[in-house]
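For reference, the structure is listed below as structure tokens.
Index from 1, following the sequence.
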Amino acid sequence: MALSEPAQERIRPTDPDDTLSPAARAVALRVPLRPAVRVPVPLPPLPDTVELTGPVFGAADVGPLDHDLTRQHRGEPIGERIAVGGRVTDRRGRPVRGQLVEVWQANAAGRYAHPLDRHPAPLDPNFTGAGRCLTDDDGRYRFVTVRPGAYPLGGPEDHWRASHLHFSLFGTAFTQRLVTQMYFPGDPLLPDDIIWHTVRDAAARSRLVSAFDPAAGEPGRSLGYRWDIVLDGPSATWAEEGR
């Protein structure tokens with residue numbers, strides 16, 4: 001399932017090889033840890049047959065609380081409440097309806113709920129850090145969560161990652177998945193975030209930063225951020241798998 005597999009990402013370099021720069025370690029350790037799994041394809045192997053073997057998602061696969069990461073456990077998570085929403089569109093601004101959107105993130109202390117995360121920051125028993133929803137007829141999505149904390153990448157230069165949310169959009173077939181990251185405006189760590197700077201194009205980098213939008217939050221409870229996602233065209237949102 002897509003929500004569990006993104007955790008295969010090595011989110012923090014642990015390679016003891018000090019000959020690599022922090023940036024090189026961070027990039028190198030984000031590759032898959034295991035060989036690719038061969039998916040059985042029915043015969044005859046038509047060009048689009050492989051896509052039919054991938055997961056198919058629909059409204060029945062998304063629970064009513066999956067979009068609210070603050071209500072998935074018995075207690076409330078620690079941290080600043082935020083709401084993040086926006087539209088998913090194509091290059092012409094047309095809404096992409098029924099799109100499965102997933103997020104995963106560190107908790108407010110900057111630690112992922114994953115065994116590979118060795119950051120000594122505390123885990124939050126009331127926060128798993130993963131959610132999903134479907135876009136509506138206008139292409140809109142919305143998540144309620146806590147603002148993720150920054151965390152160190154290690155190394156002599158003491159690089160830290162700016163606060164960010166990981167996003168996955170599944171498309172209509174297994175081979176169409178888009179994975180990207182959303183950042184927060186005004187984050188003082190952003191200019192030095194080495195992952196953000198792997199996006200060479202400055203305009204594409206700027207599109208990864210959300211906009212503060214009080215109307216997107218809940219009065220007296222959460223701040224709001226707006227982040228629109230464009231799937232293709234010259235203003236397409238940068239994707240980790242490259243374009």
Exercise for the section: Indicate yes or no for a side-chain donor-acceptor contact from Arg142 to the backbone of Ala216 under 3.5 Å, with no hydrogens or angles considered. Expected result: yes
Practice task
Evaluate the ring planes of His119 and Tyr151, with Trp represented by its six-membered ring, and classify them as parallel (under 30°), tilted (30 to 60°) or perpendicular (over 60°).
Solution key: tilted
Fill in the blank from the handout: Heavy-atom nearest pair, Asp136 first then Asp138, reads OD1-N, 2.8 Å
Exercise for the section: Provide the closest heavy-atom pair for Ala150 versus Leu189 in the form atom of the first, atom of the second, distance. Expected result: CB-CD1, 3.4 Å
Exercise for the section: Flag the pair Leu69 / Phe127 as yes when at least one side-chain heavy-atom distance between them is below 4.5 Å, and no otherwise. Expected result: yes
Practice task
Indicate the atoms forming the closest heavy-atom contact of Arg97 with Thr135, along with that distance.
Solution key: C-OG1, 3.3 Å
Handout entry: Atom of Val84, atom of Tyr141 and distance for their closest heavy-atom approach
Key = O-CE1, 3.9 Å
Handout entry: Donor-acceptor side-chain pairing of Arg177 and Ser168 below 3.5 angstrom
Key = yes
Handout entry: Side-chain donor/acceptor of Thr180 to backbone N/O of Trp238, under 3.5 Å
Key = yes
Problem - Transitive ILVMFWY side-chain link Tyr112 to Val179, under 4.5 Å - result: yes
Problem - Connected via hydrophobic side-chain network under 4.5 Å: Val146 and Phe212 - result: yes
Fill in the blank from the handout: CG (Asp124) and CD (Glu76) are apart, to the nearest 0.5 Å, by 10.5 Å
Exercise for the section: Would you give the length of the straight line joining atom OG1 of Thr237 to atom CE of Met182, rounded to the nearest 0.5 angstrom? Expected result: 12.0 Å
Problem - Rounded distance [0.5 Å steps], CG in Leu100 versus CG in Asp66 - result: 9.5 Å
Exercise for the section: Is it possible for you to check whether Arg205 lies under 6.0 Å from the centre of the six-membered ring of Trp196, through NZ or CZ, and within 45° of that ring's axis? Expected result: yes
Exercise for the section: Would you confirm whether Arg111, through its side chain, and Ala121, through its main-chain N or O, come within 3.5 Å as a donor-acceptor pair? Expected result: yes
Completion exercise
side-chain hydrogen bond (donor to acceptor under 3.5 Å, both in side chains) filter on Arg94, not counting sequence neighbours, yields Asp90
Problem - Common cluster, Leu223/Val144, ILVMFWY with side-chain heavy-atom separation under 4.5 Å - result: no
Problem - From CG (Leu123) to CG (Asn107), nearest 0.5 Å - result: 6.5 Å
Exercise for the section: Taking atom CG of Leu65 as the centre, report whether more than 12 heavy atoms of other residues, nucleotides or ligands fall under 6.0 Å from it. Expected result: yes
Handout entry: Short N-O contact, Asp228 and Arg87, less than 4.0 angstrom
Key = no
Practice task
Classify the ring geometry between Tyr183 and His164 as parallel (under 30°), tilted (30 to 60°) or perpendicular (over 60°).
Solution key: tilted
Practice task
Please round to the nearest 0.5 Å and tell me the distance separating atom CZ of Phe143 and atom CZ of Phe167.
Solution key: 6.0 Å
Practice task
Please name the pair of heavy atoms, one in Cys133 and one in His67, separated by the smallest distance, quoted to 0.1 Å.
Solution key: CB-CB, 4.0 Å
Exercise for the section: Take the angle between the ring planes of His166 and Trp104 and call it parallel below 30°, perpendicular above 60°, tilted in between. Expected result: parallel
Practice task
Report the distance from atom OG1 of Thr145 to atom CD of Gln105, rounding to the nearest 0.5 Å.
Solution key: 3.5 Å
Practice task
Decide whether Val209 and Trp227 are clustered together by the hydrophobic rule: side chain heavy atoms of Ile, Leu, Val, Met, Phe, Trp, Tyr closer than 4.5 Å, transitively.
Solution key: yes
Completion exercise
Minimal heavy-atom distance between Pro148 and Ser163, with the atoms involved, is O-OG, 2.8 Å
Problem - Residue list, side-chain hydrogen bond (donor to acceptor under 3.5 Å, both in side chains) with Thr70, at least two apart or on another chain - result: Asp68
Completion exercise
Residues passing the side-chain hydrogen bond (donor to acceptor under 3.5 Å, both in side chains) test with Thr128, sequence neighbours excluded, are His73
Problem - ILVMFWY network linking Leu231 to Leu208, side-chain heavy atoms under 4.5 angstrom - result: yes
